[in-house]
Amino acid sequence: MSKKTKILLGVTGGIAAYKAAEITRLLIKKGYLVKVIMTRTAEDFITPLTFETLTNEGVYQYNTVIKDKPMLHIDLARWADLILIAPTTAEFLSKIMHGRAEDLLTTTCLAFDKKIVLAPSMNKNMWANKATQENYKALKRRGLIFSGPDFGSQACGDIGTGRMKEPEDIIEDIKSLTKKKLKLFENKKIVITAGPTQEFIDPVRYLSNRSSGMMGCEIANAFYDHGAKVILVKGPCSYKEKDEIDSIEVKSAQDMLLSVENNMSNCDIFVSVAAVSDFIVKDLSKEKIKSENISNLELEKNTDILKTISQKYNIFSIGFAAETSELKSNAIKKLKEKKVSVIAANKVSFSEGIDNENNAITLYWGNGLEKNLGLKNKKDLAIEFVEEISNIYN
Ligand SMILES: Cc1cc2nc3c(=O)[nH]c(=O)nc-3n(C[C@H](O)[C@H](O)[C@H](O)COP(=O)(O)O)c2cc1C
């Protein structure tokens with residue numbers, strides 16, 4: 001079976017339709033398999049014969065029916081890895097925005113559940129028109145991808161935004177969208193902890209913290225996307241990792257440590273993201289403590305999961321350190337004392353780091369090496385974190 005990426009090129013009726021021939025030529029030259037669907041109006045601007053010659057196969061027209069393929073729109077939608085519409089007219093933007101299915105191209109787009117890339121081409125006022133802009137924004141929100149339009153001189157003599165991106169630039173966008181992603185952690189087993197822990201005071205009450213589990217789950221997702229076998233040991237939180245990830249739900253630090261140790265065989269990397277409660281009560285009460293009897297809670301230090309794992313197992317370990325101040329000196333101290341490979345330090349306050357969609361991490365490792373990953377949403381940060389860990393690990 002062919003491993004070539006299959007592109008369905010939709011050509012609509014704009015003045016830039018002639019450039020679709022160059023796009024077809026370049027796609028084939030770059031090794032893509034290309035089929036072309038033209039709208040009825042596109043044929044007023046360029047003939048099907050041009051594309052038939054370039055692709056060496058029949059072009060699909062607005063009303064093409066193939067006798068033994070009555071579901072041509074479904075067949076084409078299944079065949080393609082990506083649909084590129086170049087040029088995309090204002091009319092076509094509006095049609096696709098409203099989910100129209102009035103010819104082969106609109107119907108195929110509606111039946112298609114992978115990436116659709118639109119390369120708009122129109123007069124600057126048509127592009128700036130509120131109707132077009134609303135269609136553009138709504139389609140972007142829906143996940144369609146835009147390649148252009150560009151600013152420049154237009155066929156009508158105007159200068160402004162609306163001209164189609166040059167064919168070479170559209171091909172660059174297609175290349176980066178279809179690039180096979182590098183799997184940085186293929187065949188590696190990674191155990192990750194996430195979320196808070198709960199430490200009982202009595203059968204009703206517990207000590208815990210504000211961790212949402214988002215950072216740990218997103219790191220698990222990012223390692224999974226890079227081909228790792230991920231085991232996620234998660235304290236009580238509502239944030240969800242990908243369904244495909246093996247996860248174990250625990251409550252206390254003791255449970256968490258036990259689950260981590262149960263999964264240490266053949267483990268390559270341990271990532272301790274969980275906000276493990278630093279304290280437990282000295283004497284766990286079997287009875288609910290009467291409120292009038294509580295004057296003092298005596299606390300003692302909790303199990304240190306990161307230190308235990310990194311000292312007991314010969315493993316690459318990464319610890320997260322949330323600090324309210326003196327980030328660097330505290331991180332370096334932990335790196336040495338706990339004998340971990342990398343410390344990912346982040347600042348926390350009532351409004352940053354914890355229980356928040358954004359985070360800022362600095363990595364510390366080796367003898368004085370550090371890398372600031374900046375402030376980002378936790379999903380993007382997790383992706384960058386995993387890429388950076390790959391550089392340090394390898
Ligand atoms: C000479 C000429 C040039 C046109 N150029 C454009 C254009 O560049 N962009 C555009 O959005 N519409 C353009 N139109 C309008 C479209 O052809 C018209 O909206 C058509 O219905 C589009 O159909 P389709 O999107 O189904 O191909 C042009 C019309 C004419 C007559």
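Order of listing sets the numbers, starting from 1, for every ligand and every atom in it.
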- Task: Step by step, work out the side-chain contact (heavy atoms from CB on, under 4.5 Å) result for Ile23 and Ile170.
- Result: CA-CA 8 Å; Ile23 292 173; Ile170 293 174; 3.9 Å; yes

- Query: Mind checking whether Phe185 and Tyr393 have parallel, tilted or perpendicular rings, split at 30° and 60°?
  - Reply: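 Phe185 and Tyr393: tilted rings.
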
- Report yes or no: do Asp173 and Ser147 form a side-chain donor-acceptor pair below 3.5 Å?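 Checked: Asp173/Ser147 side chains pair up, N/O donor to acceptor below 3.5 Å.
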
- Message: We want to know whether Glu199 and Ser277 form a side-chain donor-acceptor pair, criterion being a heavy-atom distance below 3.5 angstrom.
- Response: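 Short answer, no.
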
- Query: Under a 4.0 Å heavy-atom cut-off, which residues neighbour ligand 1?
  - Reply: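 Correct list: Thr12, Gly13, Gly14, Ile15, Thr39, Thr41, Phe45, Thr89, Ala90, Glu91, Phe92, Lys95, Ser121, Met122, Met126.
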
- Only one of Lys338, Lys334, Lys312 clears salt bridge (charged side-chain N to carboxylate O under 4.0 Å, His left out) with Asp304; which?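 Checked Lys338, Lys334, Lys312 against Asp304; only one passes salt bridge (charged side-chain N to carboxylate O under 4.0 Å, His left out): Lys338.
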
- Message: Could you list the cluster mates of Ile305? Members are the ILVMFWY residues connected by side-chain heavy atoms closer than 4.5 Å, either directly or through other members.
- Response: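 Under the 4.5 Å side-chain rule, Ile305 groups with Val191, Ile231, Val233, Ile248, Val250, Met256, Leu257, Val260, Met264, Phe270, Val276, Leu306, Ile309, Tyr313, Ile315, Leu335, Val340, Ile343.
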
